[in-house]
S.K.: 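Sharing a structure here in structure tokens format.
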Amino acid sequence: MLPHLKFPSPLEGEGREGGSRAITAYAKESIMAANRLQPVLDPHLLAGELSNKMLINGAATPAISGRTFPVENPATGEAIAEAPFGEAADVAAAVASAKKAQRAWAGRPARERGKLLAECGRLLNDHVEELGRLVALETGKALRTESRVEASVLADVFVFYGGLGSELKGETVPFNPKMLTLTLRQPLGVVGAIIPWNVPLLLMALKIAPALVAGNSVVVKTAEEAPLAALRAAQIMNQILPPGVFNLLTGYGPECGGPLVAHKDVRKVTFTGSVETGRIVYKTAAEKLIPVTLELGGKSPMIVMEDADLDKAIAGAVVGMRFTRQGQSCTAASRMFVHEAVHDAFVEKLKAKVDAMKMGDPLDEATDIGSIISAQQYERVTGYIKLGRSTPGAVAHECSAMPKEARFKKGLFVRPVIFTGIDNSHRIAREEIFGPVTAVIKWRDYEEVIAAANDSEYGLAATVWTNDLRKALDATHRLEAGFVQVNQNLVVQPGLSYGGSKHSGLGREASLESMLDHFTEKKTIILNMA
Ligand code: NAD
């Protein structure tokens with residue numbers, strides 16, 4: 001048997017020799033485990049420890065230029081760390097390390113790569129609390145309702161993809177009985193992954209887990225607003241992965257993300273972010289003729305029919321609008337089309353529910369809603385609220401109370417707003433706000449509401465609330481969106497293809513098919529036996 005085809009478990013061994021070898025491996029593993037990073041539950045302390053670090057070739061490194069930029073706690077405005085200002089030279093170093101590591105990584109059996117990824121998942125699971133706290137500190141997302149949940153799903157994604165190594169199958173093709181014709185799924189090479197700040201851990205995992213299992217190496221560019229938790233996750237994983245397989249850069253879009261997409265040795269780009277940046281990334285990739293996955297913005301409709309279970313729909317509206325994430329979600333149910341027969345009751349109950357949510361310290365277990373990510377986003381969101389307020393006929397239902405503590409005086413808190421009295425042509429219903437602002441739009445005619453829901457440049461997600469199965473089925477077929485649900489509003493789930501149509505993006509993530517379609521290419525091989 002070839003040595004690389006053997007998968008011994010640490011304690012099993014067939015003969016004496018095999019047994020002692022296995023025990024040595026087990027002892028080595030125990031020593032490694034004892035030396036592993038331990039969770040640091042004080043996020044301020046951890047942020048300081050992560051200061052001025054990126055991860056290239058398995059080593060913590062500052063930027064070649066030595067430049068840094070500040071990372072702030074948006075709930076208080078205080079600086080919590082400095083991050084390296086990655087530029088083209090750092091990109092070149094990271095890509096070179098990824099390129100060097102990729103050949104050996106791809107040469108390992110796929111199941112072995114999968115096992116390492118699943119092991120990363122298990123290790124990340126030990127750091128859920130630590131990572132959750134760090135995400136809460138750097139993004140302002142509440143720990144209990146958002147950040148801890150995100151950290152636990154991160155581990156789940158690695159365990160899920162870790163199990164898919166043996167699914168990287170090719171085919172045999174009945175081309176000619178005298179020839180053996182088959183296809184292989186081969187990795188693409190170095191993958192450049194660019195992520196946003198709103199769900200930094202999960203969105204990174206959805207890119208790197210399938211890329212790595214498929215035998216690619218990766219260079220991640222984190223969002224400038226939230227580089228720390230992603231860096232910590234990379235450090236944790238780099239205890240297991242070979243150096244250079246997973247590199248992580250911090251920096252700004254044009255200076256660091258741009259050179260990453262443009263680098264000649266990056267053979268695939270996977271991007272999550274805004275439509276505007278997605279266009280720039282797509283253009284650069286087009287020049288290089290490399291494949292691209294784009295997960296972009298959304299303006300997701302939620303259609304509530306006359307016969308819907310109203311309480312369920314309202315609970316779904318709270319989850320769907322991601323009020324606990326300050327509405328900073330690409331799938332936020334930011335256009336709620338509610339049948340006129342239940343419109344007023346819906347608005348009243350929804351407002352009461354959101355009113356009861358506590359806005360405040362993201363790290364406090366009692367907090368439901370934290371702060372907006374940045375001053376720039378704050379200006380943008382409050383600008384839309386002003387616009388809505390100045391619209392004749394529009395009513396702004398403002399919910400929840402602002403935190404009162406003096407330390408949050410400079411915090412970027414925005415009270416959630418539910419607008420009524422506007423229609424689907426209003427900018428609030430057409431443009432992605434990416435904040436806690438939704439519009440409840442009254443409707444009467446089923447055909448008209450389907451047309452209005454589809455009258456958007458976006459097509460990411462949609463939900464339908466009804467007990468009429470025929471209508472539900474009809475609506476799910478006709479809604480122009482990549483992720484459509486009836487009577488529920490789940491977020492992305494490992495195993496279910498997720499992604500948008502129209503300006504919401506290109507390609508799908510989170511599933512087996514997305515790994516095969518986006519991180520491998522097919523090679524056809526013909527062996528002439530005649
Ligand atoms: P953004 O487009 O401003 O930034 C996203 C990332 O791109 C960041 O890392 C940024 O540094 C980088 N970037 C910026 N300019 C670049 C350039 N010229 N070249 C390469 N990289 C560049 O988006 P954001 O404000 O961070 O995130 C919010 C957006 O992300 C919203 O539009 C939201 O809908 C979208 N989003 C989509 C999904 C999805 O799954 N479809 C999920 C989350 C967020």
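First listed ligand is number 1; within each ligand, the first listed atom is number 1. What's counted below: heavy atoms across the whole structure, side chains too, no hydrogens, waters or symmetry copies. It should be emphasised that the depicted structure is a prediction, and the values quoted were computed from it without experimental measurement.
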S.K.: Can you run down the side chain to side chain donor-acceptor pair (under 3.5 Å) pairs that involve residues 369-387, sequence neighbours left out, and say none if there aren't any?
M.R.: Tyr384-Glu431

S.K.: Could you pull out every donor-acceptor pair under 3.5 Å between side chains of residues 276-284 and any protein atom, sequence neighbours left out?
M.R.:
residue : atom : partner : partner atom : Å
Glu276  : OE1  : Ser274  : OG           : 3.4
Thr277  : OG1  : Ser274  : OG           : 3.0
Thr284  : OG1  : Ile280  : O            : 3.0

S.K.: The criterion is salt bridge (Lys or Arg N to Asp or Glu O under 4.0 Å); which residues satisfy it with Arg148, sequence neighbours excluded?
M.R.: Glu129, Glu365

S.K.: Should the pair Lys99-Asp265 be classified as a salt bridge under the 4.0 Å nitrogen-to-oxygen rule?
M.R.: yes

S.K.: May I have a table of the N/O to N/O pairs between ligand 1 and the protein that fall below 3.5 Å, each row giving the two atom names and the distance to 0.1 Å?
M.R.:
residue  : atom   : partner : partner atom : Å
ligand 1 : 2 (O)  : Ser274  : N            : 2.9
ligand 1 : 2 (O)  : Ser274  : OG           : 2.6
ligand 1 : 2 (O)  : Thr277  : OG1          : 2.7
ligand 1 : 9 (O)  : Ile195  : O            : 2.8
ligand 1 : 9 (O)  : Lys221  : NZ           : 3.1
ligand 1 : 11 (O) : Lys221  : NZ           : 2.5
ligand 1 : 11 (O) : Glu224  : OE1          : 2.6
ligand 1 : 11 (O) : Glu224  : OE2          : 3.4
ligand 1 : 11 (O) : Gly253  : N            : 3.4
ligand 1 : 23 (O) : Ser274  : N            : 3.4
ligand 1 : 25 (O) : Trp197  : NE1          : 3.1
ligand 1 : 26 (O) : Trp197  : NE1          : 3.1
ligand 1 : 30 (O) : Gly273  : O            : 3.3
ligand 1 : 32 (O) : Glu432  : OE1          : 2.6
ligand 1 : 34 (O) : Glu432  : OE1          : 3.3
ligand 1 : 34 (O) : Glu432  : OE2          : 2.5
ligand 1 : 40 (O) : Tyr498  : OH           : 3.4
ligand 1 : 41 (N) : Leu296  : N            : 3.3
ligand 1 : 41 (N) : Leu296  : O            : 2.7

S.K.: Under a 4.0 Å threshold between the charged nitrogen and the carboxylate oxygen, would Lys141 count as salt-bridged to Glu138?
M.R.: no

S.K.: What's the shortest heavy-atom distance between Asn52 and Pro84, and which atoms?
M.R.: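 Where Asn52 meets Pro84 most closely, the heavy atoms are C-CG, 3.4 Å.
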
